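Just so you know, these numbers come straight off a predicted model, no measurement behind them.
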Amino acid sequence: SAKDMKHRLGFLLQKSDSCDYGSAHGKKEKVPSSQRVSQEEVRKWAESLENLIHHDRGLAAFRAFLKSEYSEENIEFWVSCEDYKKTKSPAKLSPKARKIYDEFISVQATKEVNLDSCTREKTSHNMLEPTLSCFDEAQKKIFTLMEKDSYRRFLKSPYYLDLLSPPGAGCGPENCKRSHSHTLDCNSNIISQCA
């Protein structure tokens, strides 16, 4: 599940940060092969943000990364908009729209996303008569913001690089005896090949 993946990613990051794989850490956690993501799939995530967030494991990895940067509200808003667009019952549109607006867009929003005043105003106006497309413009702006900013950092982060390096590859975290930057250097070669 996505929750398990997030836990595993956090576990991997802690391991990578310490870069000391002595006996104190015990045995490395085994991931059942059915839960592994193929290297080909992981490489596709580097092609576009869309490929990444439309894959359950990719979304979980990206969400965990954003959480580490304290900016998970962006992906949460995007996911909420995707879920909202699947609403079948017209009676549920207004309460669902209000919940998203209050959580992410209003001035007192608990997880306020970074929108320009024009988009925020247009979205507020759309709230008068919510439709399935009332958040489309705001969702596109947040997608573009993530694509230009956090997505690029994600591709250089251990959240992605640890998934990209196949188990047992010469420079994976299990062989790391030096600094954390060694792991990043080893894996960035693979990234440049797929970019």
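How far CG of L161 is from NZ of K156: 10.5 Å, rounded to the nearest 0.5 Å. Interatomic distance, CD1 of I100 versus CE of M127, reported as 8.0 Å (0.5 Å rounding). Distance check: E76 CD to S71 OG gives 10.0 Å after rounding to the nearest 0.5 Å. Here CZ of R152 is found 15.0 Å from OG of S157. Values are rounded to the nearest 0.5 Å.
Panel note: side chain N51, backbone W45; no donor-acceptor pair is recorded below 3.5 Å. Of the possible polar contacts, none joining the E147 side chain to the L49 backbone as a donor-acceptor pair under 3.5 Å is found.
The residues E82 and K85 are annotated as salt-bridged, a charged nitrogen and a carboxylate oxygen being separated by less than 4.0 angstrom. Comment: D136 does not engage K140 in a salt bridge, judged by the lack of any side-chain N to carboxylate O separation of less than 4.0 angstrom. E72 has no carboxylate O lying under 4.0 Å from a charged side-chain N of R63, or vice versa, which leaves the two without a salt bridge. Ion pair E112/R120 flagged as a salt bridge, since at least one NZ, NE, NH1 or NH2 atom sits closer than 4.0 Å to an Asp/Glu carboxylate oxygen.
There is a side-chain donor-acceptor pair under 3.5 Å between S124 and Y101. Looking at D116 and T119, their side chains do bring a donor and an acceptor atom within 3.5 Å of each other.
Between L163 and A61, the closest heavy-atom pair is CD1-CB, 4.0 Å. Minimum interatomic distance between N126 and C134 (heavy atoms only, all atoms of both residues): ND2-O, 2.9 Å. Of all non-hydrogen atoms in F62 and M146, the two that sit nearest each other are CE2-SD, 3.9 Å. Smallest separation of non-hydrogen atoms from A46 and Y160: CB-OH, 3.4 Å.
Exactly one of F135, F77, F104 qualifies for a ring pair (Phe, Tyr, Trp, His ring centres under 6.0 Å) with Y84. That residue is F135.
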(request) Evaluate the criterion side chain to side chain contact (heavy atoms under 4.5 Å, CB included) for residue pair R153 and E69; output intermediate values, then yes/no. (result) CA-CA 10 Å; R153 285 196 308 279; E69 290 200 331; 2.6 Å; yes
(message) Before you tell me yes or no, could you show the steps for N74 and F143 under side chain to side chain contact (heavy atoms under 4.5 Å, CB included), namely the whole-Å CA-CA distance, both residues' side-chain angles and the distance that decides it to 0.1 Å?
(response) CA-CA 8 Å; N74 291 330; F143 181 89; over 6 Å; no
(request) Check step by step if side-chain hydrogen bond (donor to acceptor under 3.5 Å, both in side chains) holds for T87 and K96. (result) CA-CA 9 Å; T87 306; K96 268 186 155 183; 3.2 Å; yes
(request) Starting from the C-alpha separation in whole Å, work towards a yes-or-no answer on side chain to side chain contact (heavy atoms under 4.5 Å, CB included) for T123 and E137. (result) CA-CA 8 Å; T123 307; E137 193 175 327; 5.6 Å; no
(request) Please test I75 against I53 for side chain to side chain contact (heavy atoms under 4.5 Å, CB included), starting from the C-alpha separation and ending with a verdict. (result) CA-CA 9 Å; I75 196 65; I53 60 182; 3.7 Å; yes
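Looking at K141 and L145, their side chains never come closer than 4.5 Å, going by heavy atoms from C-beta outward. Side chains of L52 and F154 form a contact here, defined as non-hydrogen atoms less than 4.5 Å apart. The shortest distance between side-chain heavy atoms of L93 and T131 does not fall below 4.5 Å.
Relative orientation of the F65 and Y159 rings is perpendicular, given thresholds of 30° and 60° on the angle between their planes. In this structure, H54 and W78 have perpendicular ring planes: the angle between them is above 60°, well past the 30° mark.
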